[in-house]
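Following: one structure in structure tokens, then a few remarks.
Just follow the structure's listing: the first ligand is 1, and inside any ligand the first atom is 1. Positions are given from 1, in the same order as the sequence printed here.
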Amino acid sequence: MRVLVVEDEDALREQLVGALTAEGLAVDATGSGEEAVFMGNEYPVDVAILDLGLPDLDGLKVLGRWRAEGRLFPVLILTARSRWEQKVDGLETGADDYLTKPFHMAEVLARLRALVRRSAGWASTLLETGPLAMDTSSQMVTVADKEVSLTAFEYRLLEYLMLHSGEVVSKATLTEHLYNEDHDRDSNVLEVLVGRLRRKLDPDGKLKPIETLRGRGYRLRADLGRAGSA
Ligand code: CA
């Protein structure tokens with residue numbers, strides 16, 4: 001999952017980037033509203049954290065310009081301003097959720113997860129396909145009720161595939177949503193990681209949850225429930 005952080009206070013921005021990176025998320029960050037407009041329009045953003053008080057361009061204008069360009073990723077507004085009119089303005093401009101400063105980092109993470117899950121069309125915190133289940137609030141992954149231990153990156157990879165289960169996800173799309181712009185993008189590395197994730201989820205090779213579609217990408221099977229009994 002790729003997060004765009006727009007916050008002009010250096011210490012707070014670095015704190016956000018650090019916490020999100022530690023969660024295994026790909027993070028792009030800026031303190032400039034103009035740069036944020038560019039990044040939101042050009043990068044494959046899954047969710048954005050947006051401060052309203054920016055030095056060059058107001059956060060609400062940034063949001064308005066993303067929405068005018070048809071960029072519909074969910075946006076969590078961070079603001080020191082708690083006045084009701086500004087919340088209403090933000091919601092009318094197309095914000096999805098609000099946090100008033102100061103806030104707890106755990107709350108930011110929980111809100112982000114909820115926004116991404118809802119924008120992918122899942123109402124519950126539990127993502128499931130057949131015996132494979134992911135609880136996005138506890139971040140626990142189970143196969144047939146047995147817990148599977150994943151690294152932060154493996155978790156993000158599986159989360160992206162589960163949020164798009166049944167869809168073909170190209171390697172380029174996965175790379176874009178799992179790594180930020182600065183990362184060295186090597187598709188061999190992704191293949192190795194997918195292989196490792198497969199072995200952890202399916203050590204005896206019976207379930208085959210992740211299909212490889214040659215030249216097209218990967219697909220997490222949405223019909224896993226039926227596969228076991230067939
Ligand atoms: Ca600010």
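Backbone or side-chain N, O or S atoms of Leu54 do not reach the Ca ion (ligand 1) at under 3.0 Å. For Asp8, the nearest N, O or S atom to the Ca ion (ligand 1) falls under 3.0 Å.
At a threshold of 4.5 Å between non-hydrogen side-chain atoms, the residues Lys208 and Arg198 do not count as touching.
For Met134 against Val141, the heavy-atom pair with the smallest separation is CE-CG2, 3.8 Å. Pairing each heavy atom of Ala36 with each of Trp66, the nearest pair is O-NE1, 3.0 Å. When all heavy atoms of Met1 and Leu178 are compared, the closest pair comes out as N-CD2, 3.6 Å.
If you look at Asp51 and ask which of its N, O or S atoms sits nearest the Ca ion (ligand 1), the answer is OD2.
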